[in-house]
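Reminder, nothing fancy here: chain letters follow the sequence lines and each chain counts from 1. Small disclaimer: the values here were computed from a predicted structure and weren't measured.
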Amino acid sequence: MTDEKPAIEELTHAQAAAELPALVAGIEAANTAYHTLDAPEISDADYDALKNRLRAIEARFPDLARPDSPTQKVGGAVAEGFGKITHAVPMLSLENGFTDDDIRDFDGRVRNYLGLGPEAPLTYTAEPKIDGLSLALLYEKGVLIQAATRGDGEVGENVTENARTIKDIPQRLENAPDVLEVRGEVYMSHADFEALNARQEAAGEKTFANPRNAAAGSLRQLDARITAARSLHFFAYAWGAHSEPVAETQSAAMERFRALGFTVNPLTVLCDGPEAMLAHYRAIEAQRATLGYDIDGVVYKVNDLALQRRLGYRSTTPRWAIAHKFPAQTAWTRLEKIEIQVGRTGALSPVARLTPVTVGGVVVSNATLHNEDYIAGRNSFGEEIRGGKDIREGDWVQVYRAGDVIPKVADVDLSRRPEGAARYVFPEICPECGSPAIREEGDAVRRCTGGLICPAQAIEKLRHFVSRGAFDIEGLGAKQIEAFYRDGWIREPADIFALEERYGSGLRQLKNRDGWGEKSAQNLFDAIRERRRIPLDRLIFALGIRHCGEAAAKDVAQHYGRWEAMAEALDRARPAALAQRAADAAEEAERATAQAEGRRARITEARNAAIAALDVPDDATTAWADLVATDGIGPVLALSLSDAFANPEERLAIDRLVAQLTILPPPAKAASGAIAGKTLVFTGTLEKMTRAEAKARAEALGAKVAGSVSAKTDLVIAGPGAGSKAAKAAELGIEVIDEDAWLALAQGT
DNA sequence: CAGCCTCGAGTTCC
DNA sequence: CTCGAGGCTG
């Protein structure tokens, strides 16, 4: 079909421009026909010819190449290939359990939360945990309109076209609700995996380490035709958005999925308690090798959906489910060397360099050794781990991947320990800068004291500054930061914003060195300029102050509202912060003798004396108390913040940075709903829900739940048998309601 | 004051 | 993903 077309070399620009649209349309039509109708309209050879011609034209006239051209979707380097999809209902992960007792504890927690006794009937489903990748399929009026990967749980990738090629995924559902999002696992069978690898090898292509990687790689193909050729499968096991209730129990929901045309795992059963769950676990474990696909455990879920709803969710996992994982695969290898890495906070982290070995289908050559004690064979309480065996260079060690991800050392074979292998001596000098590395009392890690003098710390801090939750500057990743640091172009965050002015012309001329050119330099400067406007919480997080992560930064930003208010308050509170530290030191010094004499009061006396000696102004005490009383901020974080702002060098660097920025205040908390922002106290017996449940419900509605009634309390919910708290509420003139009124409030909003 | 929950920090491999 | 530690609750 390309016969009459002029050869590429003879094509004029105008001719090429005229031919392109039809070419692109032809390829796209073929794509659609291939995987939506399962009936290719043209032969593979013709398809390839079309694509080759398009590629050739684009190569000769690059200005004609469109960013959405089909040639951009072949085997390309990824990422931008897929659109992002925000999950209407987040795709959470599951809590993991490993031992029988973990599962019994889970059952206990569920019962406790629901207010059920140990003998009350409670049914769970138990199903194999498929080792694949989760996928969310959105159906509207019974038609599949979107498929998204899990991603980080909030935002996934749009792989709709690829999902359409999977036979187990129905394109249409009969008698389905208007909106139904079915979730499940995409996986590849052992047989298909072996066959695929054989084909890959024969074609000289790279093979996959395990079925899960093969499934993931296949689903994330930019060319859906490749996905179609990979025979993937799908088990449905959960749901997200839905316009009407799916069912009343988990098992009925699975039955309904089956009726709708999905495949549901046949090894799903109902269990009437933890012992039955454990029995099923062992039964599945026994069949594991003969299933024909990989599983990595068994998932238990509370069957009754009304109970699931009551149990609700913690921050990242549901309370009504747990994954009982099989023991991780292990392998023995030689530990060649122990190396020390220095992190952002100066922490010295030992890493094992291993003779590469395959563990569960993945080649592992490094493993974390955590800290000094872990190498020595002890945990933080001084108890023995690995039977007290220490780890030495040259040892044969058994490694596994914790949570199937992080390689760790499980055991040491002492019989194979080389002659003369010495106990590992942990360095007390930073290997990067030579400063003393100190281990504070009661701390598990040893830290370099070099601060920003230490290049490792400086670089790690800068990396943190540009990381995802912080300034997130596109084009300025870890590698670039390190290069700029070594060049001396970026030594502190403020330098990033001076980069264009100081080195712009130089960078533009760095043709092809480190991949820089005029265009990429311009992109970087644009990205940096975009970030000159930054939300306050991101700025605080980016500063990399110890103990101040993303969540704490949000709390601090919310508390102060404006940067100036924060800086001013921290400056004012400084004397009180110093007093706090002095008091802590005095307490530490006094503790041993006070305990010997059995006089706890002496500790308080010592603290007070230390504070009194410093003569702290009242406004400092007020500012400090205000900070420490903030939700989520305790003395440790508060001191850390105070130290960062009081350190002259650090403060100057912060001020230089802030001078370059426009800081956006945190959004005012949406005070919607009757109890949002209110402080509640529950007292007496609640009959319709447990305390924990009531608390979770209140917090979900934006309220705070306190334990005792004070002037700050807004509302008291009193059940039967309420005593002093209700009386105190009456005394303070605080509104008191009963459980039914509370339920109305909780449900109404 | 002890136990729970959440957050912070560090780490590996694709 | 996991461990340790900080902060809050009962």
Side-chain angles (χ1 to χ4, degrees), chain A residues 77-79 93-96 98 105 108-109 112-113 133 152 206 208-210 212-214 216-217 220 296 313-317 319 323 325 328 339-354 356 358-371 373-374 379-381 385 399-409 440 442-445 447 456-457 460-461 463-464 467 469 478 541 544-555 600 628-640 681-683 690-692 695-696 699 704-708 725:
Chain A
V78 288
S93 49
L94 291 177
E95 184 189 340
N96 289 328
F98 294 93
D105 288 351
R109 278 199 306 278
N112 189 23
Y113 197 91
L133 60 154
D152 63 2
K206 95 175 191 356
F208 294 96
N210 53 51
R212 184 189 24 188
N213 284 1
R220 297 185 73 262
D296 56 354
Y313 300 86
R314 282 190 297 247
S315 64
T316 61
T317 56
R319 289 197 188 85
K325 305 280 286 252
E339 284 180 11
I340 301 289
Q341 298 180 349
V342 181
R344 160 168 75 90
T345 62
L348 267 49
S349 310
V351 177
R353 304 289 175 212
L354 309 167
T358 304
V359 187
V362 174
V363 177
V364 166
S365 37
N366 303 302
T368 175
L369 293 173
H370 290 298
N371 55 50
D373 287 349
Y374 188 86
N379 67 13
S380 59
F381 296 103
I385 52 173
V399 294
Y400 69 105
R401 299 205 310 150
D404 270 345
V405 182
I406 312 287
K408 300 178 69 165
V409 173
E440 302 262 340
D443 207 347
V445 298
R447 292 196 152 83
Q457 281 192 59
E460 291 301 317
K461 250 188 128 147
R463 270 153 90 136
H464 172 78
S467 69
F541 173 60
I545 296 165
R546 187 125 95 91
H547 300 125
C548 189
E550 233 167 333
K554 278 205 172 70
D555 290 342
R600 288 204 52 81
V628 177
T630 307
D631 231 13
I633 303 174
V636 174
L637 170 58
L639 254 180
S640 189
V681 173
F682 291 93
T683 179
T690 64
R691 281 295 177 90
K695 179 169 152 28
E699 281 168 354
K704 258 177 57 178
V705 177
S708 57
K725 286 186 198 169

Next item on the list: Respond yes when some side-chain nitrogen or oxygen of A:Q341 is under 4.0 Å from OP1 or OP2 of B:dG10, and no when none is.
Entry: no
Next item on the list: Measure from CG on A:N213 to P on B:dT12 and round the result to the nearest Å.
Entry: 18 Å
Margin query: Both A:R447 and A:R401 contact DNA chain B. Taking the nearest nucleotide for each, which residue is further toward the 5' end?
Written below: A:R447
Notebook entry, point to check: For the pair made of CG in A:L369 and P in C:dG4, what is the distance, rounded to whole Å?
Noted result: 14 Å
Notebook entry, point to check: Expressed in angstrom and rounded to an integer, what is the separation of A:K408 atom NZ from B:dT11 atom P?
Noted result: 13 Å
Tabulate protein N/O versus nucleotide N/O from nucleotides 2-5 of chain B, keeping only pairs under 3.5 Å, one per line.
none

Check: For A:A209, which contact category applies under a 4.0 Å heavy-atom criterion: base, sugar-phosphate, or nothing?
Finding: nothing
Item checked: From C:dG7, B:dA9, B:dT12, nucleotide with atom closest to A:R546 side chain -> B:dA9
Margin query: Mind checking if A:A552 touches a base, just sugar-phosphate, or nothing, with heavy atoms under 4.0 Å?
Written below: sugar-phosphate
Check: Has A:T345 got a side-chain N or O lying under 4.0 Å from the OP1 or OP2 atom of B:dG10?
Finding: yes
Next item on the list: Please tell me if the side chains of A:L637 and A:C548 come closer than 4.5 Å, counting only heavy atoms from C-beta onward.
Entry: yes
Note to self: Heavy atoms from C-beta onward define the side chain here; which of C:dT2, B:dA9, B:dC13 lies closest to that of A:V364?
What the structure shows: B:dC13
Next item on the list: Take the protein atom CD of A:E460 and the nucleotide atom C1' of B:dA9, then report the distance between them rounded to whole Å.
Entry: 11 Å
Notebook entry, point to check: Does a side-chain N or O from A:S365 land closer than 4.0 Å to OP1 or OP2 of B:dC13, or not?
Noted result: yes
Check: Looking at side-chain heavy atoms only, is the closest gap between A:P356 and A:V363 below 4.5 Å?
Finding: yes
Margin query: Can a donor-acceptor pair be found, under 3.5 Å and without considering hydrogens, that links the side chain of A:Y374 to the backbone of A:P350?
Written below: no
Notebook entry, point to check: Which part of the nucleic acid does A:G632 contact within heavy-atom distance under 4.0 Å: base, sugar-phosphate only, or nothing?
Noted result: sugar-phosphate
Note to self: Expressed as a whole number of angstroms, how long is the span from A:L639:CG to C:dG7:P?
What the structure shows: 10 Å
Next item on the list: Kindly point out which of C:dG6, C:dC1, C:dC3 is positioned nearest to the side chain of A:H370?
Entry: C:dC3
Check: Do any side-chain nitrogens or oxygens of A:R344 fall under 4.0 Å of OP1 or OP2 in B:dA9?
Finding: yes
Next item on the list: Could you check how far CG of A:D373 sits from C1' of C:dG4, rounded to whole Å?
Entry: 12 Å
Notebook entry, point to check: Hey, are the side chains of A:V342 and A:L348 touching, using non-hydrogen atoms and a 4.5 Å cut-off?
Noted result: yes
Note to self: For a quick test of reading the model: is some side-chain N or O of A:N366 closer than 4.0 Å to OP1 or OP2 of B:dT11?
What the structure shows: no
Next item on the list: Check whether any side-chain heavy atom of A:I406 sits under 4.5 Å from a side-chain heavy atom of A:R401, and report yes or no.
Entry: no
Note to self: Is the shortest side-chain heavy-atom distance between A:R109 and A:R319 below 4.5 Å?
What the structure shows: no
Notebook entry, point to check: Can you tell if the side chain of A:F541 reaches within under 4.5 Å of the side chain of A:K554, non-hydrogen atoms only?
Noted result: no
Note to self: Could you tell me how far apart A:L94 (CG) and C:dT2 (P) are, to the nearest whole angstrom?
What the structure shows: 13 Å
Notebook entry, point to check: If you check every side-chain atom of A:A551, which of C:dT2, B:dC7, B:dC13 has the closest atom?
Noted result: B:dC7
Next item on the list: Start with the C-alpha distance between A:R353 and A:E339, add both sets of side-chain angles, then the distance that settles side-chain contact (heavy atoms from CB on, under 4.5 Å), and finish with yes or no.
Entry: CA-CA 7 Å; A:R353 304 289 175 212; A:E339 284 180 11; 2.9 Å; yes
Item checked: Nucleotide nearest A:A402 when distance is taken to its side chain, options B:dG8, C:dG4, C:dT2 -> C:dT2
Check: Which of these nucleotides, C:dT2, C:dA5, B:dT11, is closest to any side-chain atom of A:T368?
Finding: B:dT11
Item checked: Among C:dG6, C:dT2, B:dC13, the one nearest A:V362 by side-chain distance -> B:dC13
Next item on the list: Report the nucleotide, chosen from C:dT2, B:dA9, C:dC8, that has the shortest atom-to-atom distance to any side-chain atom of A:D631.
Entry: C:dC8
Margin query: Using a heavy-atom cut-off of 4.0 Å across all strands, would you classify A:V445 as base, sugar-phosphate, or nothing?
Written below: nothing
Next item on the list: Could you tell me the separation between the NZ atom of A:K461 and the C1' atom of B:dG10, rounded to a whole number of Å?
Entry: 16 Å
Check: What distance separates A:L369 CG from A:I340 CD1, expressed to the nearest 0.5 Å?
Finding: 8.5 Å
